[in-house]
Structure formats: C-alpha cells, structure tokens
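To start, the structure itself, in structure tokens.
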Number of protein chains: 2
Amino acid sequence: MNRIQKRERLRQGLQTLLEQGGAGARLPSERELSERFDVARETLRRCLDELEEEGLLQRKQGAGTFVSAPPVVKEARLLSFSEEMRERGMEPSSRLLRHQTVLAGAKLAQRLMVTPGSAVIEIRRLRLANNEPMALETSCVALSRLPGFDPAALVNGSLYELLDKKYGLQLRSAQQQIHATVLSEDEAGLLGVAPFSPSLMIERTSTSSKGEVIEYAKSLYRADRYRFEIGVMR
Amino acid sequence: MNRIQKRERLRQGLQTLLEQGGAGARLPSERELSERFDVARETLRRCLDELEEEGLLQRKQGAGTFVSAPPVVKEARLLSFSEEMRERGMEPSSRLLRHQTVLAGAKLAQRLMVTPGSAVIEIRRLRLANNEPMALETSCVALSRLPGFDPAALVNGSLYELLDKKYGLQLRSAQQQIHATVLSEDEAGLLGVAPFSPSLMIERTSTSSKGEVIEYAKSLYRADRYRFEIGVMR
DNA sequence: CAGTGGTCTAGACCACTGG
DNA sequence: CAGTGGTCTAGACCACTGG
C-alpha cells in the first residue's frame with residue numbers, strides 16, 4: 001500500500017534524524033518536518049507520539065523536540081520458572097515433592113476466587129537450575145478449572161505449558177508480592193543451604209486472558225543464587 | 001478552559017457508557033458517539049485510544065468497540081520513597097545519618113557511568129513511615145552532575161524533588177535488583193529490629209530523560225513492614 | 001453491501017517558551 | 001513577540017466484518 005510505504009518512510013526518516021542528531025539534539029519544528037516528509041502535521045505528530053512513547057525523544061511545548069538517549073529498561077514480563085531460567089542461560093528442571101487435593105480455606109479461596117471449601121490441587125516442587133536447587137514452590141490451582149488434572153505430568157514439565165496445551169488456558173497477567181524471609185530447617189535442607197539462610201519469597205496470583213484466577217503460587221528462592229530484576233518507568 | 005471541560009465531559013461520558021454496558025457490551029459507533037458528545041470523530045478517537053490503552057475497552061475494525069473487564073494489574077512505576085509511602089497511606093520522613101564525598105571505585109564508577117576516581121556524594125539516610133523506621137538507604141550521585149549540591153537539603157526532603165527543582169533533572173527510568181539478605185547488628189539497630197532479621201535489599205540505578213545515570217541507591221527494607229508489589233503481563 | 005474502526009489531511013486556535 | 005508543541009475540527013478514503 002502507498003499508505004504503509006509512506007508511514008514506513010516517515011518513521012525511518014525520523015529515526016535517521018534521531019541518529020544523526022544524537023542525544024540532546026533538537027529536531028526541526030513539526031511544521032517543517034511535516035513539509036519535508038510531505039505528510040500532514042497530525043500524521044507526523046502521531047509518528048512522534050510513538051517515538052516519544054518508546055523513549056526515543058522528548059517534546060517540550062514552546063521549546064521543541066529533543067533526541068533522548070534510548071532507555072535500557074527491561075520490561076517485566078510474566079515468565080514461567082522454566083522460561084525464566086532458560087532466559088538466564090540455565091537449564092531448568094523440577095522434582096515433584098508432593099501433591100494433594102485440599103479444601104480451600106477462607107484465605108486461599110479468596111486468592112483463587114473460588115467458594116470456600118472447593119477442591120484445590122496443591123503441588124509442591126523443588127525447582128532446579130543446572131541441577132542445583134533454586135527454589136521451593138507451592139502452587140495451588142482450583143480443581144474446578146482443571147477437570148481431570150494429573151499432577152504426575154508436572155514431574156518434568158512446565159505448569160504453564162500444561163495449562164495451555166491441555167486446557168487452552170493462557171495466563172495473561174499476574175500480581176506478585178515479593179518479601180524477604182529466612183528459611184526453616186526443612187526448607188533449607190531441601191534447598192541445600194544453611195538453616196535460617198535468607199530467602200526471597202515471591203507470591204504470585206496469575207490470571208488468564210478471560211480474567212479468571214488460575215494459579216496461586218508461593219516460591220522460596222535461594223537468596224544466594226536468585227535476584228529479582230525489574231525496570232521501571234516514571 | 002472550555003476545551004478542558006469538553007475533554008473531561010467526553011471522558012466521563014464514555015466511562016459512564018462503559019459502566020452501564022458492562023464487560024462485553026458493544027458501544028455505539030464512533031460516528032454516532034462523536035455526534036452525541038458533540039466532538040470531532042478524531043477527538044473521540046483520541047479519548048478511546050486512552051481508554052483502550054488503559055485496558056477498559058477493545059476495538060475491532062469492521063466490528064465495533066467492546067467493553068473489557070478492567071485488568072487488575074498494577075503497573076510498576078518509578079516512585080521516590082516519599083511518593084511510595086504516601087501512596088500506601090503513610091507519612092514519609094527521613095533522618096540524615098551521614099554524607100560524604102568519596103572517590104568512585106571501579107564498581108561504583110561503572111554503575112554511575114563516570115570515570116573512576118571522580119567525586120561522588122554518598123548520602124546515608126534512615127527513611128521513616130509514620131515515624132517508624134522503614135528502610136536504610138545509601139544514595140550515590142556524581143558530583144559532576146550536581147554542581148554545588150548541598151546534602152543538608154535532604155534532611156526532610158525528597159532527593160527526586162531536589163533534582164527536579166534545582167537541576168531540572170527528571171528521572172525517567174530505573175533498573176532495580178531485589179535481593180533477600182539479613183541485617184547486620186548495626187543495621188538492625190538503626191531499623192529497630194532484632195539482629196540478623198531478614199531484609200529486602202533493593203539496588204536501584206536511576207536514569208534521567210537524557211539518558212544519564214543520576215543515582216545509584218542501595219536500600220535495606222524491613223522485611224516485616226515492607227513488601228514489593230508488582231503486576232506483570234505475559 | 002452497509003456499517004465499522006483505521007488513517008490521513010489542511011487548517012484553525014490555544015498554551016507555553018525564550019533557541 | 002515569533003516560534004514551538006498541544007488540541008480540535010470536518011471531511012475524505014481505506015480495510016475489514018458479518019451485528
């Protein structure tokens with residue numbers, strides 16, 4: 001399409017200008033740019049909006065448009081343990097420690113948004129990276145959302161993959177709370193560290209694209225091997 | 001201004017429509033809405049863009065505009081300690097424990113992106129919420145970026161505010177690393193908890209809109225009073 | 001095909017800044 | 001004050017969908 005080509009040319013032309021200018025440089029005015037690229041000023045502005053959103057430039061009313069240094073912020077994304085470890089260049093694996101069906105108490109029921117007393121599958125796994133213990137994870141999923149769920153499938157697999165393949169459930173967002181705590185003797189033993197070592201505890205409530213709460217998980221990470229990293233914008 | 005009122009009315013009118021409709025409902029067409037609210041279609045579209053960005057509605061070319069169930073994900077934003085505590089409904093304050101000018105070693109120089117050996121101001125503050133100790137914070141800023149900097153101004157103020165007012169520096173993004181650790185006896189004493197209590201340690205490197213690294217800060221939060229909360233999307 | 005959202009235009013007036 | 005970005009308008013044509 002002619003239109004797409006035009007948009008593309010505009011975008012690339014602007015990026016070239018940004019590169020030539022370097023951080024701090026001032027761009028020509030919007031009226032001049034729109035004439036130069038032969039587009040309406042509003043069209044140009046929409047393109048500048050995008051570039052500003054991406055942090056490549058800054059506009060200041062009455063003063064002008066200035067090139068920014070691109071930010072290095074790493075966006076937080078919802079990753080499974082397996083995905084995250086692979087991204088960190090490590091090979092993930094799991095050991096299924098225990099699984100049982102329990103009846104949801106008031107607190108858990110609220111977290112999973114189910115009625116108190118409904119059946120919940122609780123899965124406790126030791127999660128390894130390069131065959132070294134990394135975290136101790138307890139996941140809870142409501143049985144009603146996962147008919148015929150078989151925890152045995154989790155011995156070496158990702159819960160997220162299973163949810164997707166078997167139930168067509170894609171997790172879309174999660175709420176995470178991060179605390180610092182110390183490990184009990186049992187927990188420390190499983191993770192292979194000294195008792196009362198510090199630990200990063202992450203509680204996560206994951207929600208499907210339909211808005212249903214699918215999983216509540218509580219993970220204890222070894223503080224000596226794991227850091228939580230996040231980029232934030234103002 | 002008439003213009004602001006108009007925009008405000010439009011926004012509120014649309015939100016009312018969204019509420020009345022409920023998730024899944026289909027809004028009237030853009031042409032009809034623009035007529036009803038007496039604005040140009042482009043103006044209406046800009047408002048719809050915002051609402052879509054916020055996840056309140058979804059548009060589908062050729063089909064229509066539909067009300068979404070609002071997401072509950074809380075976006076991570078770069079907040080100063082003061083801003084964050086106020087948002088949590090607590091009154092922030094600070095006690096300046098120490099400040100000194102040091103020469104940047106290799107590690108600090110790399111973090112601040114300055115040449116090793118340059119002067120760096122190091123500020124150590126006890127940060128309180130409702131007059132209770134909450135965190136122990138050590139901030140480092142390169143002197144070259146803040147000529148004539150006076151740490152005394154920080155006794156009861158926000159560093160971010162000072163940077164903005166005095167130097168016109170707005171922080172735009174930050175990279176944060178979150179660890180779990182235990183407090184030394186000194187640190188525990190200052191924070192008013194038992195020695196070797198667990199602590200959430202947050203290291204933050206903040207960058208200005210021009211892409212310069214402005215601050216490196218290391219904070220030790222009381223694990224019993226502070227949790228880091230974050231929403232993530234897939 | 002009628003109707004929807006997506007994009008673009010030329011022009012106007014406003015708020016803000018100090019090159 | 002001239003010049004900048006911010007907002008809005010009325011209208012056009014496009015791509016896509018199936019109420």
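Reminder, nothing fancy here: chain letters follow the sequence lines and each chain counts from 1.
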Which nucleotide in [options] has an atom nearest any side-chain atom of [X]:
X       : options               : result
A:Arg46 : C:dT7, D:dT7, C:dG5   : C:dT7
A:Arg41 : D:dC13, C:dT9, C:dA12 : C:dA12
A:Glu42 : D:dT7, C:dG6, D:dC8   : D:dC8
B:Ser29 : C:dT4, C:dT7, D:dC8   : C:dT4
B:Glu30 : C:dG5, C:dC16, C:dC8  : C:dG5

Any salt bridge linking [X] with [Y]? Criterion: basic side-chain nitrogen under 4.0 Å from a carboxylate oxygen.
X        : Y        : result
B:Arg46  : B:Glu50  : no
B:Glu35  : B:Arg31  : no
A:Lys218 : A:Glu137 : no

Task: Residue whose nearest DNA chain C nucleotide is more 5′ - A:Thr43 or B:Glu32 - done: B:Glu32

What is the distance, to the nearest angstrom, from the [atom1] atom on [X] to the [atom2] atom on [N]?
X       : N      : atom1 : atom2 : result
B:Glu50 : D:dC8  : CD    : P     : 9 Å
A:Lys60 : D:dG3  : NZ    : C1'   : 15 Å
A:Leu27 : D:dG3  : CG    : P     : 19 Å
B:Gln58 : C:dT4  : CD    : C1'   : 15 Å
B:Glu35 : C:dT4  : CD    : P     : 12 Å
B:Leu44 : D:dT9  : CG    : C1'   : 13 Å
A:Asp49 : C:dT7  : CG    : P     : 13 Å
B:Arg45 : D:dA12 : CZ    : P     : 18 Å

Open item on the list: Could you check whether A:Glu203 and A:Tyr216, counting side-chain N and O atoms only, form a donor-acceptor pair closer than 3.5 Å?
Closed with: yes

- [ ] Scan every strand shown for a Watson-Crick or G-U wobble partner of C:dC1, both distances under 3.5 Å, and answer none if you come up empty.
- [x] D:dG18

Open item on the list: With a 3.5 Å limit on both atom pairs, tell me what C:dG6 is paired to, counting Watson-Crick and G-U wobble, or say none.
Closed with: D:dC13

TODO: Could I get the full list of salt bridge (charged side-chain N to carboxylate O under 4.0 Å, His left out) partners for A:Arg41, not counting sequence neighbours?
DONE: A:Glu30

Open item on the list: Closest-nucleotide mapping onto DNA chain D: is B:Gln61 or A:Ala63 further toward the 5' terminus? I mean the 5' end.
Closed with: A:Ala63

Task: Side-chain donor/acceptor contact of B:Arg31 with base of C:dG5 under 3.5 Å - done: yes

